[in-house]
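Here is the structure we will look at.
Since this is a predicted model, take the numbers as computed values, not measurements.
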Amino acid sequence: QVIGGAGLDVDFSLESPSGRLLVSESRRSDGVHTVEPTEPGDYRLCFDNSFSTISEKLVFFELIFDSAQEEEEEEEEEEEEEGDAWTMRGRLERSIQMQALLRAFEARDRNLQESNLGRVTFWSAFNVGLLLLVAFLQVYTLKSLFEDRRPLRT
């Protein structure tokens, strides 16, 4: 998820260890992907901002590794021994993940609001300055219309 920067978009790609492209997205602000690891090795995750050389981006991402089959077997054995403690632990871990995701959404919204506030403040100050300049020019023009430029006789 892109939480800061101009446009709030970025290119994303994921490649397998053999170099096969698994996921590719262009100019997205957020996304969720589930990939089954079919090859052993290091997968390549790439966030690309080369289309926007002027602005930088702030990106939040989270990797969740889920070896479901192994965990299910382990959890069944552990649940027999310790009961509901492990299910509670799993729920707490999921709660922590959701809070991190919500913090990322909040950070993106806060960055967007701060950017908008800066633009609104700049243009408001510019318009006030322009208004004062026009008011000064109007007063000067009106005064010059009523000045008597004839020479005085004494």
Search all heavy atoms of [X] against all heavy atoms of [Y] and return the closest pair with its distance.
| X | Y | answer |
| --- | --- | --- |
| Asp11 | Arg27 | OD1-N, 2.8 Å |
| Leu14 | Tyr43 | CD1-CB, 4.3 Å |
| Pro40 | Pro17 | O-CG, 3.6 Å |
| Leu22 | Val35 | CD1-CG1, 3.8 Å |

Distance, nearest 0.5 Å, that separates [atom1] of [X] from [atom2] of [Y]:
| X | Y | atom1 | atom2 | result |
| --- | --- | --- | --- | --- |
| Leu102 | Phe105 | CG | CZ | 7.5 Å |
| Ser144 | Glu147 | OG | CD | 6.5 Å |
| Glu114 | Leu112 | CD | CG | 10.0 Å |
| Thr121 | Asn116 | OG1 | CG | 10.5 Å |
| Phe136 | Thr141 | CZ | OG1 | 9.5 Å |
| His33 | Glu25 | NE2 | CD | 3.5 Å |

### Message
Working note: Leu21 + Ser13, criterion side chain to side chain contact (heavy atoms under 4.5 Å, CB included); need CA distance, chi angles, decisive distance, verdict.
### Response
CA-CA 7 Å; Leu21 189 63; Ser13 65; 4.0 Å; yes
### Query
When you check the side-chain N and O atoms of Arg119 and Ser115, is any donor under 3.5 Å from an acceptor?
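Yes.
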### Task
Examine the side chains of Arg110 and Gln113 and answer whether a donor and an acceptor come within less than 3.5 Å of each other.
no
### Query
Can you list the steps and then say if Phe47 with Lys57 is a side chain to side chain contact (heavy atoms under 4.5 Å, CB included)?
CA-CA 10 Å; Phe47 295 99; Lys57 307 287 171 73; over 6 Å; no
### Query
Would you say the side-chain atoms of Glu39 pair up with the backbone N or O of Ser18, donor to acceptor, closer than 3.5 Å?
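Side chain of Glu39 to backbone of Ser18: a pair is present.
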### Task
Go through the steps to decide whether Leu45 and Leu63 satisfy the test side chain to side chain contact (heavy atoms under 4.5 Å, CB included), and finish with yes or no.
CA-CA 10 Å; Leu45 177 69; Leu63 297 175; 4.3 Å; yes
### Task
Please check if atom CZ in Phe61 has more than 12 non-hydrogen atoms from other residues, nucleotides or ligands closer than 6.0 Å.
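For Phe61, atom CZ is not crowded (no more than 12 foreign heavy atoms under 6.0 Å).
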### Message
Around atom CG of Asp42, are there more than 12 heavy atoms from other residues, nucleotides or ligands closer than 6.0 Å?
### Response
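Open.
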### Query
For the residue pair Phe126 and Trp123, does the interplanar ring angle fall in the parallel (under 30°), tilted (30 to 60°) or perpendicular (over 60°) class?
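Phe126 and Trp123: perpendicular rings.
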### Query
Do you reckon Val59 sits in the same ILVMFWY cluster as Val23, going by side-chain contacts under 4.5 Å, direct or chained?
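Result: yes, single cluster for both.
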